[in-house]
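To keep things clear, I will list the structure first and then write my remarks on it.
A note on names: the letters A, B, ... follow the listed sequences, proteins ahead of strands, and every chain is numbered from 1. Predicted model, so just to flag it, every value in this text is computed and none were measured.
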Amino acid sequence: MSLTDLTIAQAGAKLAAKQISAVELTAAHNAAVAALNPRLNAFITTTPELALEQAKAADAMIAAGKAGPLTGIPLAIKDLFCTEGVRTTAASKILEPFIPPYESTVTAQLKAAGAVCLGKANLDEFAMGSSNITSGYGPVENPWKRYGSDAKLVPGGSSGGSAAAVAARMALGATGTDTGGSIRQPASFTGLAGIKPTYGRCSRYGIIAFASSLDQAGPMARTVEDCAIMLGAMSGFDARDSTSAERLVPDFRAATARSVKGLRIGIPAEYRVDGMSAEIAALWEKGVAWLREQGAEIVDISLPHTKYGLPVYYIVAPAEASSNLARYDGVRFGKRVDGEDLIDMYERTRAAGFGAEVKRRIMIGTYVLSHGYYDAYYLKAQKIRALMLRDFTLAFDKVDAILTPTAPSAAFGIGEKMDDPVTMYLNDVFTVPASLAGVPAMSVPAGLSAEGLPLGLQVIGKHFDEETVLTVSAAIERAVNFTAKPTLMAGAN
Amino acid sequence: MGYMLEGSTGAWEIVVGLEIHAQVISESKLFSGASATYGGAPNAHVSFVDAGFPGMLPVINQECVAQAVRTGLGLQAQINLMSRFDRKNYFYADLPNGYQISQFAHPIVGTGVVEIELQDGTIKHIGITRLHLEQDAGKSMHDQHPTKSVIDLNRAGVALMEIVSEPDIRSPEEAGAYVRKIRQILRYLGTCDGNMEEGSMRADVNVSVRKPGEEFRTRCEIKNVNSVRFVMHAVEAEAQRQIGVWESGGEVVQETRLYDPARGETRSMRSKEDAHDYRYFPEPDLLPLVLDEAWVEALKSKLPELPDDKRRRFCEQYGITFYDAGVLVADQTTADFYETVAKGRDARLAANWVSGDFFAALNRTGSTIETSPVSAAALGELLDLIGDKTINGRIAKDVFEIMVETGKMPAAIVEEKGLRQVTDTGAIEAAVAAVLAANPDKVAEYKSGKDKLFGFFVGQVMKATQGKGNPALVNEIVRAHLG
Amino acid sequence: MSLDTATVRRIAKLARIRVDEAEIATLQTELNAILGYVDQLNEVDVTGIEPLSGGAQMAMRLRPDICNDGEMPEKILANAPDRAGEFFAVPKVVE
């Protein structure tokens, strides 16, 4: 088996047994990046030398008997995580020259665990998008192809670079962030597992903010177990983030080996939306069957405010974003475009630095917070958000986890769904409610579409019960036995 | 009838409310671990959080919260056990995040009251609307460079308390007394140094005028007034301006103005107003601020005695006048100094000495209580020497002057200079006899009814004893010899 | 509710984003599409509902008052597009 085709768990075992070295493993991935990234554009910045240095240090850790499960594991880091001394852009031109003098907590924890950083993965600009088309550094191509077609498909978004990198075997795993589905939807589009943990589980310190009350970091990898390994290293209390939860990090990996026997799995009626494709509906039915076969109890539930998730999200997230992105003013960091005076400088800098989607969201966010409209939009949205949280709380009195599709479709073509912004927003219809409620949710590969593209199912859990989410996801994974591989990947042809 | 301004159409009443911004005394900033100390090299007391770098998050400082609670308690105000922070969004070069973290909808402190005293002794209560915590901005400087404005973020993120009064103030004098009173309370509490020159306390003054008995008319806000005197002047100047506008048939427009001390007038800042819309919303990087009632109680139990309470106690405990007590409690150090001197001694005499000779000496030598050459213990010892009749009051003044000059203790000065009071009747008898013998004509005049000469004889005897004669004894013996 | 072009300009101004006249109409259409979409929230009765303003349902931790940050002006200034000595520099503001 090729080194780039290993899972994190397998690679970790080989490293620990000294069958391979971290330097070999990293070199193989550096080569894969060099070969594939020019085509897929999964990385904005690659750091092959840094990766080799880190691999050497990892080998030393292993030799010294200080290795953990991530020591020497090459990862892609979404370019929304600030990395000290390594350019961090959020896929925005406005941050093109930005070199953070600090490290995000999540990446610092991964570094401390001995993980290797291959580079900074592409994304939708400031994580605003579901396709990676909004990146200021060009779109990412999905390594998967429809049967008999060479059409370029999107990898999903916003963590599309992370998804493409892992799916194409350029990295064993990747960090992502999820605000309304940005880990789960690209995982679904690229045949990966990806979990958005509970809000507060992973520190947001050093992650460039999109919507503060929704943003959560999480892992993307080729198996549920790999996600569990990464999540263990990424999680934990951080005093530098006021919203970080003071909770112990459980043994996530152990949870992936547990049985779903006796677990109550909720099937929310409201996710059966109008116009759901037969393919997605059938996949969902299969998921129900797989869990039932393994001893889970299936319970019909209701999440009555589900349909308001998207409109609430498209008020709350842009509102927070409009404020979070005010700091990109050309004064202290990033790009500046000179102007006649201070205000002119701001306006030119921001006009040139932000792409169209970011500008749209800033404008919408500014509007819904503005005088006379706050109550009608923002306040109303926050009240409905409270109702959505209540929906989940009530549902979780009856069930241990909830099963839904991850996305309404498989990956679509670059250039499709571009008619108007709202069409694109509909991608997040199933992922947004868990984000608004702050509960953990995971996408796990569940099969291929008729066109040969991966489709995912979503498992939603209670606050801070990622373990059950992982248990259920792993059960689906075992039942699916997903062995399909993308067309474009390291080692292929 | 209260304070009125006379216009061409009759008397006008002034209505004033103040927003005082007070910098919180703390080691580090409200939401970061950078130093809150004044000064420093440019951009030195700045963390990535303060500079609004991508991915940086605020974490609140417990001491700043405690200081706000202490201040609220000192203003006899309601402490809100649940409060919250909001973002106030606007762009400015010295506001790194593009928003200020403040408390808009749910402040930490609710309504309270402050007692002010006017020149004529009138006591008035001024309502406090609220107190909230917020961040200070950085500093833009426009005169350091020919073509650029430059920015120092050292102050960015330092905690401020904004104390908002009710529109209860009715004259420039009341406005001044209110600001002074707030400053005194903050200093007693140790929550703000009240230094208006350095900008650690500044006031936004809301002024309107009305005919007596009317509803409120439109107000204007005069921003960033930085001394008590300027607050008083600004109120007066703005009120006169508004009266002028109304009386000439115009309409006062609600706006932000600036007080120009050089010209003694306010002017419009309308240019800066351009469509302000702060788009307040709950700060999503912070959680609700929930205070434990027991914690608030613990802060309350450790509050220092506040000036109003201290003043009343001084009156009762030391039997001094309300006025004198007011002078002595002006600040905590003076009050402590007085109490040290007064303890176990003639408290009224102590009050006279502290507010009289001692304050005069401080003024003359340009020193403060902390740097004074005369300590409370030394002044106390001087009072003891008077009390046990070692020296008389006249000599005490001389001894005090030597204390101020040399910093020596009074007993040592008395010994060294031989200033002990003469209480030996024999010595005084001899001195009296000598004085009378030397002035037979004056004795004759006295005896023929010129009573005023009694003082002359006493003075001569005191002179003969180099001022050390016990005044009572001298009086008694002179009278006996003349009688 | 739908936006007129004047509002689009006002919002752009508030957000400090320069918008060319040619872009106004497109932006207006796009923003109105989004606002039209979110208008469905009007059908929800939220009487008596407390708004949910944050992602986490807990009380805030308070940090001890310790100076442990700052004192690194070079790092603070290192990314600045323009500076004058130890200061950030911007076009001159006339007050």
For [X], which atoms come within 4.5 Å of any heavy atom of chain C: side chain, backbone, both, or neither?
X	answer
Val59(B)	both
Ser26(B)	both
Tyr90(B)	neither
Tyr278(B)	neither
Met82(B)	neither
Pro288(B)	both
Leu258(B)	neither
Ser35(B)	both

Open item on the list: At a 4.5 Å cut-off on heavy atoms, which part of Ile66(C) comes close to chain B: side chain, backbone, both, or neither?
Closed with: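 It is the backbone, since no side chain atom gets that close.
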- [ ] Pick one of side chain, backbone, both or neither for Ala80(C), based on which atoms fall under 4.5 Å of a heavy atom in chain B.
- [x]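 Neither part.
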Task: Max heavy-atom pair count under 4.5 Å with chain C, selected residue of Glu27(B), His45(B), His145(B) - done: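 Ranked by contacts with chain C, first place is Glu27(B).
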Open item on the list: Please identify, among Gln144(B), Met141(B), Lys29(B), Arg279(B), the residue contributing the most non-hydrogen atom pairs under 4.5 Å to chain C.
Closed with: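 Ranked by heavy-atom pairs under 4.5 Å with chain C, first place is Arg279(B).
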Task: Heavy atoms of other groups near Glu293(B) CD, more than 12 under 6.0 Å - done: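 No.
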Open item on the list: Could you check whether atom NZ of Lys92(C) has more than 12 heavy atoms from other residues, nucleotides or ligands sitting under 6.0 Å from it?
Closed with: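 Buried by this count: over 12 neighbours within 6.0 Å.
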Which heavy atom in [X] sits nearest to a heavy atom in [Y], and how many Å separate them?
X	Y	value
Phe87(C)	Asn43(B)	CA-ND2, 3.7 Å
Leu30(B)	Arg63(C)	O-NH2, 3.4 Å
Met60(C)	Ile60(B)	CE-CG2, 3.9 Å
Ala44(B)	Pro73(C)	CA-CD, 4.1 Å
Val93(C)	Ser149(B)	N-OG, 2.7 Å
Leu289(B)	Leu62(C)	CD1-CD2, 3.6 Å

Could you check if a side-chain atom of [X] sits within less than 4.5 angstrom of a side-chain atom of [Y], using non-hydrogen atoms only?
X	Y	result
Phe88(C)	Val150(B)	no
Asp277(B)	Arg10(C)	yes
Ser53(C)	Arg84(B)	yes

TODO: Output the distance between atom NZ (Lys13(C)) and atom CZ (Phe91(B)), rounded to the nearest 0.5 Å.
DONE: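 It comes to 11.5 Å.
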Open item on the list: Please check: side-chain N/O of Lys148(B) versus main-chain N/O of Ala84(C), any donor-acceptor pairing under 3.5 Å?
Closed with: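 Answer holds: no.
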- [ ] Could you tell me whether the side chains of Asp65(C) and Ser28(B) share a donor-acceptor contact shorter than 3.5 Å?
- [x]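 Result is yes, a qualifying pair exists.
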Open item on the list: Quick check: under 4.5 Å, non-hydrogen atoms only, which of residues 294-304 of chain B neighbour chain C?
Closed with: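 Expected list: none.
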